[in-house]
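Worksheet: one structure, shown below.
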Amino acid sequence: MKLFPLLLFFFFSTFFTFCLAGNVTFDKRSLIINGQRKLLISASIHYPRSVPAMWPGLVQTAKEGGADVIESYVFWNGHELSPGKYYFGGRFDLVKFVKIVQDAGMYMILRIGPFVAAEYNLGGIPVWLHYIPGSFFRTDSEPFKFYMKRFMTVIVDLMKEEKLFASQGGPIILAQVENEYGWYQMNYGEPGNRYASWAMQTAFSQNIGVPWIMCQQYTALPDYVIDTCNSFYCDQFTPTSPNKPKIWTENWPGWFQTFGGKVPHRPVEDIAFSVARFFQKGGSVQNYYMYHGGTNFGRTAGLYISTSYDYDAPIDEYGLPRNPKWGHLKDLHRAIKLCEQVVLDSGPINLSLGPSQEADVYTDSSGACAAFLSNMDNKTDMIVEFRNASYHLPAWSVSILPDCKNVVFNSAKVTSPTSRVEMVSENLQTTKWEIFEEKVGIWGQVDFMQNGLVDHIDTTKFASDYLWYNTSFYVNEDEEFLKKGNLPVLQIESKGHALHVFVNGELKGSPDGANTGPAFKFKKPVPLKAGNNNISLLSMTLGLPSAGLYYEWMGSGLTSVKIDGFSNGTVDFTLSSWNYKIGLEGESLGIYKPNCVNCVKWGSTTEPPKNQPLTWYKTIVDQPSGEDPIALDMLAMGKGLAWLNGEEIGRYWPKESPLDDQCVQECDYRGTFSQWKCSTGCGEPTQRCQLHKIGTIFHGLGSSQLEMFLVIFEEKGGDPTKIKFAKRKISGMCALVGEDYPLATVNLKCPKNSSISEVKFASFGNPEGTCGSYRMGHCHDPTSTSVIEMACLNKNECAIELTDETFDKSPKLKKLSKQQGFEVLFPLISIHFHNSREVRKLK
């Protein structure tokens, strides 16, 4: 036990060193920066998915969590809005972001692509490029290669101008060309092979002075490009060349969410297991994709991807550390850094410790030693013998021994407190609403008329989510369904993505392909009248595909419209004359802009209409008090878009996920993970709290006012009076620690400007229940409450150590494998005990 102070001192003296880049090379073991080998922990933070006001805090939180490197894609379609017209302001101020990373003393991995996937529209490639004659994405297409090279050169020259590459003294140590092309290269055939070679040569010709990487690239690469791994696990990954280091560009600590989909989660025990295994097996650079997911602002999200890009990441969408994920990974990073020098200076010796247990031992010429002990059994805990000592290895876990003796970390033993987070509702402070109603069908002049149905995306070129299809027809008064009172059946087929069906001005349905994807069908009896009838179909896109083979050619919109029930049978309107109108009138007039005062005649009211489709709502609300992150609770609304102070926040759509999806109450971290293994939220609305980080967005826009100008376009109907602010608050924490844990201490820290004021429950023994609902067990130390009060009362942070000196030494408790746990409810706190599960001993 005396070793711990020495190890911790060594960690803190190295973990927070200032990163000054320079010459970057590599060999088969690692990157070499200024002549020094490095084990690097990287954190993905995408600059356009948060506002600039958040960037310093996000970067600092990543650094405090043990990251050395910040990684980001470069988003082409956010920078080159039209051919040759570039934008580098606001959320797309790439130089500012990289300099914030540099000022924090961290390295940077810049994944230029410029194809990035990332659940982003067209994988980051501009829509306009699809309409350049002869352009085919990601293959040997001269127009595509011309614009790709030009954009890459613009980015590289910008970084060079600001001296941001490591070769210039800047933070950028690696750059990436293309992204995951190996998944598709074979399907593109020889043109794909030529394109891949061209992309690598084009990257090399940029002369940036740092190595280039390509992820998921399976063919042989030139010496100057390193192939890397993207997966939930990369411990078994081997580069295509034995002379290149093992780099993990995407370790997915969660997964993205779709509208109408369940909520994915990945247990931190499994993430830590995967990372520890990667470094155990010779890994050198590991990047979390994502470390902070952020928000898909505006209409940037890919097909059916939700506005939230939280990703269950270590830093949540609001910028708060997600514990225990953030804290446990921080402890992991500390342990890895303690092993850095000996692991980099030597090769491992692998020892079998059992049928599914092994050790990888690193020793150097000075006698230093580090070891990783693994238990890959996904059900059974084990006790293994290593160097004449016994070690407890939980199932599916790795223990790290920086001196080959003392365990400083086990991936399955989480001592970091678990945050209990709540969304606290607060009514909007507003007294007046202004209303503007969109016309059903064609507004203004018809854009064009055509026989037949057009492709939605090819028509709008994604200038708007919306396209009106409108047709009229005459019904004879002697039709049988009019005489008998029967309803004819309207049948519609669409390639996607969603649709609002209006018959004679009334909304009759809102089908979509979110859960069938993306094509869907609609079939419903509808009332028709004698004489002229009108069908107005508002087709909608919900993002564009972000990857796939020839994915830019995936269309959307209507393919068939029929009505069954006429006297002469089914009438097919598919090839009839249709009128088309792109977008909404409010969009065209820019009524969401603060300076659009007299663009349209708004109707003023204190009681806005409810459940009314195609309605614009405008109001001015007071900014909520306090410093807590803020969201809008849009559960009372149907589907639409929202703007704050003229900035498009994003789509909202509280669509419920299917009840029959496989969701879990508790997730067993043991065993191979997939993105659907630990999902929650079945039968619940997607993103109840939409449009995150309202307060930060407001401040990020540079406004000095105390009011916010909120505009909402509601498509299908809702109740705007029930829209609420939701403040994200950390209301409590839970933690568990046992005497067999590497560090038998729990460190508790309250949120800023708060303290522990009362102890409601405390028990060192074996209470029952779960976090938030513990109850006394048959063993209990009666001094538990006073011990916790003495250590924590009226303090912002405290530490409680599991020792016989701290708690009761009674024989009854001594017979148990002692553990202690805490539940902190600010301002409350509780402490609990659990017995260890049974283990098998291997000799």
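- Using a 4.0 Å cut-off between charged nitrogen and carboxylate oxygen, Lys38 and Asp68 do not count as a salt-bridge pair.
- In terms of heavy-atom proximity, Ile70 sits nearest to Ala62 at CD1-CB, 3.9 Å.
- To the nearest 0.5 Å, the span separating CD1 on Ile33 from CD1 on Ile173 amounts to 4.0 Å.
- The closest donor-acceptor contact from the side chain of Lys461 to the backbone of Asp458 lies under 3.5 Å.
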Legend entry - side-chain contact (heavy atoms from CB on, under 4.5 Å) between Asn296 and Arg49, worked out: CA-CA 6 Å; Asn296 291 312; Arg49 281 175 160 147; 2.9 Å; yes

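- The CD1 atom of Ile45 lies 8.0 Å from the OG1 atom of Thr61; values are rounded to the nearest 0.5 Å.
- Under the 30°/60° scheme for interplanar angles, the aromatic rings of Phe97 and Tyr47 are found to be tilted.
- With a 6.0 Å cutoff to the six-membered ring centre and a 45° limit on the axis angle, Arg138 does not count as a cation-pi contact of Tyr188.
- A donor-acceptor pair under 3.5 Å links the side-chain atoms of Thr249 to the main chain of Cys229, judged by distance alone.
- Under the 4.5 Å side-chain criterion, counting only non-hydrogen atoms from C-beta, Trp76 is in contact with Pro126.
- The side-chain tip of Arg266 points at the ring of Tyr233 from less than 6.0 angstrom away and within 45° of straight on.
- Side-chain atoms of Ser50 never come within 3.5 Å of backbone atoms of Gly294 as a donor-acceptor pair (strictly under, hydrogens ignored).
- A perpendicular orientation is assigned to the rings of Phe75 and His46, their planes being inclined by more than 60° (bins at 30° and 60°).
- Between the side chain of Thr460 and the backbone N or O of Ile582, no donor-acceptor pair lies under 3.5 Å.
- Nearest heavy-atom pair across Asp312 and Pro264 is CB-O, 3.9 Å.
- Expressed to the nearest 0.5 Å, how far CG of Leu632 lies from OH of Tyr652 amounts to 10.5 Å.
- Inter-residue side-chain proximity for Met106 and Pro171 is flagged as unmet; no heavy-atom pair is nearer than 4.5 Å.
- The heavy-atom pair separating Ser308 from Glu317 by the smallest distance is OG-OE1, 2.7 Å.
- Considering only heavy atoms from C-beta on, Glu715 comes within 4.5 Å of Met540 through its side chain.
- For Gln257 and Asp310, the side-chain atoms include no donor-acceptor pair closer than 3.5 Å.
- His79 places a side-chain N or O within donor-acceptor distance of the main-chain N or O of Tyr87, the cut-off being under 3.5 Å.
- Side-chain atoms of Asn179 do not come within 3.5 Å of backbone N or O of Phe115 as any donor-acceptor pair.
- Ile125 places none of its side-chain heavy atoms less than 4.5 Å from the side chain of Glu552.
- We find the CG-NZ distance between Asn515 and Lys262 to be 10.5 Å, quoted to the nearest 0.5 Å.
- Every residue meeting the ring pair (Phe, Tyr, Trp, His ring centres under 6.0 Å) condition with His497, not counting sequence neighbours, appears here in chain and number order: Tyr304.
- The aromatic rings of Trp252 and Phe232 sit perpendicular, their planes meeting at an angle over 60°, well past the 30° parallel limit.
- Put simply, the side chain of Ser141 never gets that close to the backbone of Phe137: no donor and acceptor are under 3.5 Å apart.
- Under 4.0 Å is where a charged nitrogen must lie from a carboxylate oxygen, and between Glu80 and Arg150 at least one such pair does.
- Residues satisfying the ring pair (Phe, Tyr, Trp, His ring centres under 6.0 Å) criterion with Trp128, sequence neighbours excluded, are Tyr147.
- In this structure, a donor-acceptor pair under 3.5 Å is absent between the side chains of Ser42 and Glu71.
- Note: Tyr466 and Phe713 meet the aromatic proximity criterion, with ring centroids under 6.0 Å apart.
- Ring planes of Tyr86 and Phe151: parallel class, angle under 30° (limits at 30 and 60°).
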Inset, instruction - Assess whether side-chain contact (heavy atoms from CB on, under 4.5 Å) is satisfied between Leu110 and Val74, documenting all intermediate values. - result: CA-CA 7 Å; Leu110 194 65; Val74 176; 3.6 Å; yes

Inset, instruction - Walk me through it: do Ser44 and Tyr288 pass the test side-chain contact (heavy atoms from CB on, under 4.5 Å)? - result: CA-CA 6 Å; Ser44 287; Tyr288 296 103; 5.9 Å; no

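- Asp465 and Thr541 are linked by a side-chain donor-acceptor pair at a separation below 3.5 angstrom, with hydrogens and angles left out of the test.
- Using bins of under 30°, 30° to 60° and over 60° for the plane-to-plane angle, the ring pair Tyr311/Trp255 lands in the tilted bin.
- Between the Arg111 side chain and the Tyr73 main chain, no donor and acceptor come within less than 3.5 Å of each other.
- In this structure, Leu467 and Val454 have side chains that are in contact, with non-hydrogen atoms separated by less than 4.5 Å.
- Rounding to the nearest 0.5 angstrom, the gap separating the CE atom in Met152 from the CD1 atom in Ile155 is 10.0 Å.
- Taking the salt bridge (charged side-chain N to carboxylate O under 4.0 Å, His left out) definition, one finds that Glu714 meets it with nothing, sequence neighbours left out.
- No hydrogens or angles considered: a donor-acceptor pair under 3.5 Å links the side chains of Glu178 and Tyr195.
- At most 12 heavy atoms of other shown residues, nucleotides or ligands fall within 6.0 angstrom of atom CZ in Phe204.
- The shortest side-chain heavy-atom distance between Arg651 and Leu641 falls under the 4.5 Å cut-off.
- Scanning both residues, Tyr131 and Ile457, for their nearest heavy atoms gives OH-O, 3.3 Å.
- Arg322 places a side-chain N or O within 3.5 Å of a backbone atom of Ala313 that can act as its donor or acceptor partner.
- With ring centers used as reference points, Phe136 lies under 6.0 Å from Trp553.
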Legend entry - Derivation of the side-chain contact (heavy atoms from CB on, under 4.5 Å) call for Tyr218 and Thr240: CA-CA 7 Å; Tyr218 307 123; Thr240 56; 5.8 Å; no

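- Side chains of Gln216 and Glu250: a donor-acceptor N/O pair is absent below 3.5 angstrom, by distance only.
- With rounding to the nearest 0.5 Å, the separation of CD1 in Ile213 from NZ in Lys244 is 12.0 Å.
- Heavy-atom minimum distance, Ser284 versus Pro245: OG-CB, 3.6 Å.
- Closest approach of Gly192 and Thr139 over heavy atoms only: N-OG1, 3.9 Å.
- Using modelled atom types, no side-chain atom of Asp512 and backbone atom of Ala498 make a donor-acceptor pair closer than 3.5 Å.
- Between Val156 and Phe165 there is a side-chain heavy-atom pair separated by less than 4.5 Å.
- Taking a 6.0 Å sphere around NZ of Lys149, one finds it holds 12 or fewer heavy atoms contributed by other residues, nucleotides or ligands.
- The shortest side-chain heavy-atom distance between Val177 and Met148 falls under the 4.5 Å cut-off.
- In the displayed structure, Lys593 atom NZ is contacted under 6.0 Å by at most 12 heavy atoms of other residues, nucleotides or ligands.
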